[in-house]
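A, B, ... follow the sequence lines: proteins, then strands. Residue 1 opens every chain.
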There are 2 protein chains.
Amino acid sequence: MSNPTPVSRTSESISREELTRLRMTLGRLGRVLRQQNDDGLSYALISLLFSIGRNQPTTAGELAAGEGVTPPSVTRSLNRLLELGLVKRERDPVDGRASRISLTAAGVAERSRLLRSREVWLSEHLDRLTREELDLLLVALPVLERLCDPELDITPGD
Amino acid sequence: MSNPTPVSRTSESISREELTRLRMTLGRLGRVLRQQNDDGLSYALISLLFSIGRNQPTTAGELAAGEGVTPPSVTRSLNRLLELGLVKRERDPVDGRASRISLTAAGVAERSRLLRSREVWLSEHLDRLTREELDLLLVALPVLERLCDPELDITPGD
DNA sequence: AGAATTATCTAACCATGTAAACTACCTTGG
DNA sequence: CCAAGGTAGTTTACATGGTTAGATAATTCT
């Protein structure tokens, strides 16, 4: 190796300082996003609701894998959504252990309502960026997605 | 098409779907980063340790503002770092209410150790990206930083 | 049938955010 | 100069949402 502070293979193009900034920024941004609370539902619940909406009917296990968390975590959140009448859980007719989870009508309504209000929040902050900055974000989006793709061995969850 | 689903001012260039993906991705990436635990210290403690290192000597209030959390949260984390002998707290000679917080020698050592090990973790995952993807990330980094800059009114913390 | 596996839930724990109330100190106006 | 009010920080009590370990029930395998 010929570089002054090589951190690893591809890191010829990324400095130690940039690495640190990346960590800190992504960590903090995540916290800000998870904590800003448009409405009644917390981030975890909203994320789960959307996940169900995208994959319904689905199972607790699939949701856990999709969210990148452990099943007990999903179970609890699911119970909350159940109590709120936003989702329904039915026994799988084929496999008696599993359950089929899907949105209720109220859940569908809540989903679109949230979609709108969440967008409002994010949009407001994206509004502070210039058009160029926004484009940079969009281009980087797939990379960010890849970075946190559970299929890429990142999560110890599975 | 010009813009089928405009969400707000600058959003001519960002679709509703991209907005959602951005939210979800940043939220999840944040969680992954905050939970991966190279070592003994949690994300919050590491972040605080670095913050102190950057600004020392500093005060609890400044740290809270900097971290974008409330003072009680800082107090507790600070106590942990105190117990671990990584930081020290001295009464401010001028203002008896405030305290001056700074790293101990052990704190400084821990800081550089962490810097290295954290980098290793992130680097490993960045290694899965191509050189081009990495460059996209780097270019987008300042934008992400701006997005979560507390000076930009995002945090309700102040 | 009996054993192993699988899907899920329960229970207990931990970390870390919050708001509200309290303490101690500083500052200032009568 | 001292009482009133503001400010820094802590304590307390609570909520959320992650974890692991262990229980339960249904399925699958031999």
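One can place CG of A:Leu63 at 14 Å from P of C:dA7, the figure rounded to the nearest angstrom. Between the C1' atom of C:dT6 and the CZ atom of A:Arg91 lies a distance of 13 Å, rounded to the nearest Å. In this entry the distance linking CG of A:Leu49 with C1' of D:dG17 reads 17 Å, nearest Å. To the nearest angstrom, P of D:dG17 lies 11 Å from CD of A:Glu67. Straight-line distance from the CD atom of A:Glu62 to the P atom of C:dT6: 16 Å, rounded to whole Å. Rounded to whole Å, atom C1' of D:dT11 lies 10 Å from atom CG of B:Asn79. C:dA7 atom C1' lies 15 Å from atom CZ of A:Arg100, rounded to whole Å. For the pair B:Tyr43 OH and C:dG17 C1', the computed distance is 14 Å after rounding to whole Å.
Residue B:Ser42 has a polar side-chain atom (N or O) positioned under 4.0 Å from OP1 or OP2 of C:dT16. B:Thr70 has a side-chain polar atom (N or O) that falls below the 4.0 Å cut-off from OP1 or OP2 of C:dT18. When the side-chain nitrogen and oxygen atoms of A:Ser73 are compared with OP1 and OP2 of D:dG17, none of them lie within a distance under 4.0 Å. Using a 4.0 Å cut-off, some side-chain N or O of A:Arg80 falls inside it from OP1 or OP2 of D:dT16.
Among the nucleotides C:dT8, D:dT27, D:dT10, the one closest to the side chain of A:Asp95 is D:dT27. For A:Ala44, the side-chain atoms get nearest to D:dG18 when compared with the rest of C:dT16, D:dG18, C:dA19. Listed nucleotides: D:dT19, D:dG9, C:dC9. Nearest to the side chain of B:Ala98: D:dG9. Picking from D:dG18, D:dG9, C:dA11 the nucleotide with the shortest atom distance to the side chain of A:Val69 gives D:dG18. Comparing atom distances between the B:Thr59 side chain and each of C:dT16, D:dG9, D:dT10 picks out D:dG9 as nearest.
Of the two residues near DNA chain C, A:Thr75 and A:Arg97, the one whose nearest nucleotide lies more 5' is A:Arg97. Along DNA chain D, the nucleotide closest to A:Pro93 and the one closest to A:Ser77 are compared, and the more 5′ of them pairs with A:Ser77. Comparing A:Ile101 and A:Arg76 by the nucleotide of DNA chain C that holds the closest heavy atom to each, the one mapping nearer the 5' end is A:Ile101.
For the pair A:Thr75 (side chain) and A:Pro71 (backbone), a donor-acceptor distance under 3.5 Å is present.
The OG1 atom of A:Thr59 lies 11.0 Å from the CZ atom of A:Arg100; values are rounded to the nearest 0.5 Å. Note: A:Leu45 CG to A:Leu84 CG = 7.5 Å, rounded to the nearest 0.5 Å. A distance of 14.5 Å separates CZ in B:Arg76 from CG in B:Leu82, rounded to the nearest 0.5 Å.
The residue A:Asp92 sits apart from the nucleic acid: no heavy atom pair falls under 4.0 Å.
Ion pairing between a basic and an acidic side chain is recognised when a charged N comes within 4.0 Å of a carboxylate O; B:Glu83 and B:Arg80 show no such pairing.
A:Ser99 and A:Glu90 share no donor-acceptor pair across their side chains, judged by distance under 3.5 Å alone.
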